[in-house]
Amino acid sequence: MSLYTRFTAHLDTVLDILEADGVLPTGLNRKPVTVEPPRDASHGDLATNAAMVLAKPAGTNPRALAEAIVEKLEGLTEVASASIAGPGFINLTLTDVTWRSELAVLAEEGDDYGRSDIGQGVTVNVEYVSANPTGPMHMGHCRGAVVGDALATLLEYAGHKVIREYYINDAGGQVDVLARSAHLRYREALGEAITIPEGLYPGDYLVLVGEALMHDFGDTYKDKPESEWLGLFRKRAVEYMMILIREDLGKLGIKHDVFSSEAELQAAGKPDEAEAWLRAHDLVYDGVLEAPKGELPDDWEPVVLPLFRSTKFGDDQDRPIKKSNGSWTYFGADMAYHYQKAQSADQLIDIWGADHAGTVKRIQAAVAALTEGKARFDVKLIQMVRLLRDGEPVKMSKRAGNFVTLADVVQEVGKDVVRFTMLTRKADAQMDFDFAKVVEASKDNPVFYVQYAHARISSLGRRAEEAGIVLPAPDLSLLGTAELGLIKLAAQFPRVVEGAALTREPHRIAFYLNDLASAFHGWWNMGNDDPRARVILADDPALTSSRLFLSRGIGQIIRNGLALMGVAALTELN
RNA sequence: GCACCCGUAGCUCAGCAGGAUAGAGCAUCAGAUUCCUAAUCUGAGGGCCAUGGGUUCGAAUCCCGUCGGGUGCACCA
């Protein structure tokens, strides 16, 4: 239990007592009551707004209530002092012993320091990546992949059951194009000279697929009409693409639990089931869409389509679930897919590129309809990443097939750098990824800065050994003011993890680690001005041992934080 | 025309489950290196949190309008 959680419980007990004493009426809503570190450290270690938010419903004034609460809180052994400030804040200062013992807790819990059960075992399905199976992964997919994966890890750490899922879009027109492109490469593998026409995928990665297909089928389908091979080639080419994609994901350290196929979903009749249910509830009807506002497409004509009443759930327009040729729209299938996911999870999260922002409302409407409002469902939009090389945008053309692949980037800068960097911005803010900057060894680069702190800590252990200092058991009472400051920041880690999990914002971990690293570097550098402030003091094994203990604690937190981000901690820099 | 996202220091961005005097890095200026890795650190200046209202004891944070930027707008995925 984190220190903050513990004090929330303490405060709760105090409020119970005040209720029993008749100072507070029973049944007050305590939800707005918070226990947090104050922004300004001079206000103490913890602050609560309890008196302010409860005074009004209790029919008393904040100061009087605060006094009653303070009186009880002062009785706690962990509290050094409690005071009332401003409009009714209660500020607590904890004893040094309390903080020092938190350091012992950290050492004791190790890799689990920061783990919590706030998720209460609720199952969350996180669907991320879901790149079309028509080619290798490129950098456009990267950020969503990392954010989704880190979020999944974070939720697990916070006590959720997590299903990591990938939706294979293998039923649309683009996989026909893939099949035709693969067939062309197949003919090429059989010795034919080919030219790639406009509209087919030109990428080199299909050469291998063509060769594989040649091994699979010999020349059986070389000159056959499309109708004889299209379905088969589609299926086989998608399989090969998924092997490629899994490999790419593996390079980023990402492994999904479930891969769901859109084609299989349709073959199993899931969209039909969803449609039938929705029709029975008058949520699907046959109708004609209004002409789109703004510029009218050339080929627009009114047609009757089965429409889902997404307007009933806040969308601007009802949405077709089938095309005029009778096949399912992407939305029609996706709707059924989300319904299927909701069968095995309490909550759903989709990680999407921001270019799909326009379709969020309809899928949320569909989930609300099909689960009758029971499943929490969030769509997290991931903004674009601009690739730069020394400040200049990297030119890419998907049509020419020369997009920057994820594998190339991982190869160039490394998995850990890619993952960390992708988490140094809030997901819904655009970001730049500069090949030069992300590997720069300077404090401008948080990836490096955090790793450097960890490397320094690791070096301390080695140094102490080399110096041959015989270390006694650490005596935490030797740690002074500067060390306590570091401990207080370290003790916030569990709170940061909880906050990141609740708001589903994994980037908070990266920012916290940067702050922690900064505090550590500052502490370390005190040793430059004052040699007595160094960690390793050959003539003072007791102090050395205590400071090493603290350093290791900081190192532990950096490792825990990095682990949540899927990044390995470095023990030395090269 | 409509919807969504964004607007915080000169620049890049945190902070937004409402909390006290709005933070960090870069850049600028002034300092620290016989050093446990200075690949670092210390300090200073720099803000009508786009704007106008509203809710609240309290708003950068929540709600509405306006302005500015980005994205997407029929049976593409």
Side-chain angles (χ1 to χ4, degrees), chain A residues 31-32 34 36 38-40 42-43 47 49 52-53 55-56 61-62 85-89 91 130 132 134 169 171-175 262 289-297 299-303 305-307 315-317 319-334 353-361 381 383-384 424-426 428-432 440-446 448-449 452-453 455-456 459-460 462-464 466-467 499 502-503 507-508 510-511 514-515 518 521-529 531 533-537 544 547-548 551 572-573:
Chain A
K31 231 180 153 192
T34 58
E36 327 176 286
R39 193 172 287 170
D40 188 336
S42 69
H43 291 139
N49 60 356
M52 285 183 291
V53 293
K56 201 175 193 180
N61 73 69
F89 283 103
N91 293 327
S130 299
N132 284 338
T134 54
N169 303 137
Q174 86 282 359
V175 283
E262 181 184 2
L289 282 178
E290 282 177 37
K293 303 281 193 284
E295 211 169 323
L296 203 61
D299 57 347
W300 188 85
E301 54 183 28
V303 268
L305 294 170
L307 302 176
D315 201 358
D316 333 308
Q317 200 174 38
R319 304 291 174 178
I321 60 172
K322 278 183 180 172
K323 305 177 199 170
S324 50
N325 68 9
S327 65
W328 294 101
T329 61
Y330 182 82
F331 170 64
D334 204 26
D355 51 337
H356 290 81
T359 63
V360 171
K361 276 188 179 174
L381 295 177
Q383 278 292 345
M384 297 296 141
T424 54
R425 285 278 181 285
K426 198 165 44 171
D428 51 17
Q430 294 190 2
M431 81 182 292
D432 289 347
E440 192 176 276
S442 81
K443 63 177 172 175
D444 310 354
N445 180 4
F448 168 80
Y449 190 70
Y452 184 36
R456 276 183 156 173
S459 84
L460 285 173
R462 296 192 295 265
R463 289 275 170 178
E466 287 166 16
L502 284 172
T503 55
H507 76 277
R508 292 183 181 212
F511 280 90
N514 203 54
D515 288 347
S518 174
H521 286 309
W523 180 62
W524 170 288
N525 271 66
M526 288 171 69
N528 285 336
D529 297 330
R534 291 181 192 166
V535 175
I536 295 174
L537 300 166
T544 300
R547 287 184 177 161
L548 260 182
S551 303
E572 54 190 313
L573 304 170

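Below, chains carry the letters A, B, ... as their sequence lines are ordered, and counting in each starts from 1. For the numbers below, each heavy atom of this structure counts, side chains included, while hydrogens, waters and symmetry mates do not.
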Query raised in the report: For B/C13, does OP1 or OP2 lie under 4.0 Å from any side-chain N or O of A/R425?
Result: yes
Query raised in the report: Any side-chain N or O of A/W524 under 4.0 Å from OP1/OP2 of B/C35?
Result: no
Report task. If B/G1 has a Watson-Crick or G-U wobble mate with both distances under 3.5 Å, name it; if not, just say none. Result -> B/C73
Query - A/A455 versus A/R462, closest heavy-atom pair with distance - result: O-NH2, 4.4 Å
Requested in this report: Please state how far atom NZ in A/K426 lies from atom P in B/U12, giving the value in whole angstrom units.
Outcome: 15 Å
**Report entry** Complement of B/U56, any strand, by Watson-Crick or G-U distances under 3.5 angstrom
**Finding:** none
Report task. Would you check if the side chain of A/S518 reaches a backbone N or O of A/N514 as a donor-acceptor pair within less than 3.5 Å? Result -> no
Query raised in the report: Just to confirm, is there a sub-4.0 Å distance from OP1 or OP2 of B/U37 to any side-chain nitrogen or oxygen of A/R463?
Result: yes
Query raised in the report: Quick one: is A/K443 getting a side-chain N or O under 4.0 Å of the B/U37 phosphate, OP1 or OP2?
Result: no
Report task. Look at the side chain of A/N528 against the base of B/A38 and say whether a donor-acceptor pair falls under 3.5 Å; ignore hydrogens and angles. Result -> yes
**Report entry** Complement of B/U40, any strand, by Watson-Crick or G-U distances under 3.5 angstrom
**Finding:** B/A32
Query - Check: A/K361 main-chain N/O paired with A/D315 side-chain donor or acceptor under 3.5 Å - result: no
Query raised in the report: Is the phosphate of B/C4, meaning OP1 or OP2, less than 4.0 Å from a side-chain N or O of A/K361?
Result: yes
Requested in this report: Can you tell me, in whole Å, how much space there is between the P of B/U34 and that of B/C13?
Outcome: 39 Å
Query raised in the report: Atom CD1 of A/I321 and atom P of B/C76: how far apart are they, to the nearest Å?
Result: 14 Å
Query raised in the report: Between A/Y452 (OH) and B/C36 (P), how many Å, whole number?
Result: 12 Å
Report task. Using heavy atoms to find the nearest nucleotide of RNA chain B for A/P32 and A/A429 separately, return the residue whose nucleotide is more 5′. Result -> A/A429
Requested in this report: Mark this stacking check for A/F511 against B/A14 as yes or no, applying ring centres under 5.5 Å and ring planes under 30°.
Outcome: no
Query - A/T544 (side chain) donor-acceptor with A/L537 (main chain) under 3.5 angstrom - result: yes
Query raised in the report: Less than 3.5 Å between a donor and an acceptor, one on the side chain of A/N49 and one on the base of B/A20, is that the case here?
Result: no
Requested in this report: Please answer whether the main-chain N or O of A/Y330 pairs with a side-chain N or O of A/N169 as donor and acceptor at a distance below 3.5 Å.
Outcome: no
Report task. Using modelled atom types only, decide if a donor and an acceptor are shared between the side chain of A/H521 and the backbone of A/Y449 within a distance under 3.5 Å. Result -> yes
Report task. Just name whichever nucleotide pairs with B/C16, Watson-Crick or G-U, keeping both distances under 3.5 Å, else none. Result -> none
Query raised in the report: A/N61 near the nucleic acid: base, sugar-phosphate alone, or nothing, with a heavy-atom cut-off under 4.0 Å?
Result: nothing
Query raised in the report: With a non-hydrogen cut-off below 4.0 angstrom, is A/G522 in contact with a base, only sugar-phosphate, or nothing?
Result: sugar-phosphate
Query - Phosphate contact (B/U37 OP1 or OP2) by A/S459 side-chain N/O below 4.0 Å - result: yes
Requested in this report: Give A/A464 one of three labels, base, sugar-phosphate or nothing, depending on what nucleic acid heavy atoms sit under 4.0 Å from its own.
Outcome: nothing
Query raised in the report: Toward the 5' end of RNA chain B, which comes first, A/L289 or A/R456, by nearest nucleotide?
Result: A/R456
Query raised in the report: Is any N or O donor-acceptor pair between the side chain of A/N525 and the base of B/U40 shorter than 3.5 Å?
Result: yes
Query raised in the report: Is a donor-acceptor contact shorter than 3.5 angstrom present between the side chain of A/H356 and the base of B/A77?
Result: yes
Query - Between B/G18 (C1') and A/E36 (CD): distance, integer Å - result: 10 Å
Report summary line: A/T329 has its side chain closest, among B/C36, B/U37, B/C75, to B/C75
Query raised in the report: Which part of the nucleic acid, if any, lies within reach of A/V53 when heavy atoms closer than 4.0 Å are counted: base, sugar-phosphate only, or nothing?
Result: base
Query - Nucleotide forming a Watson-Crick or wobble pair with B/G65, both distances under 3.5 Å - result: B/U51
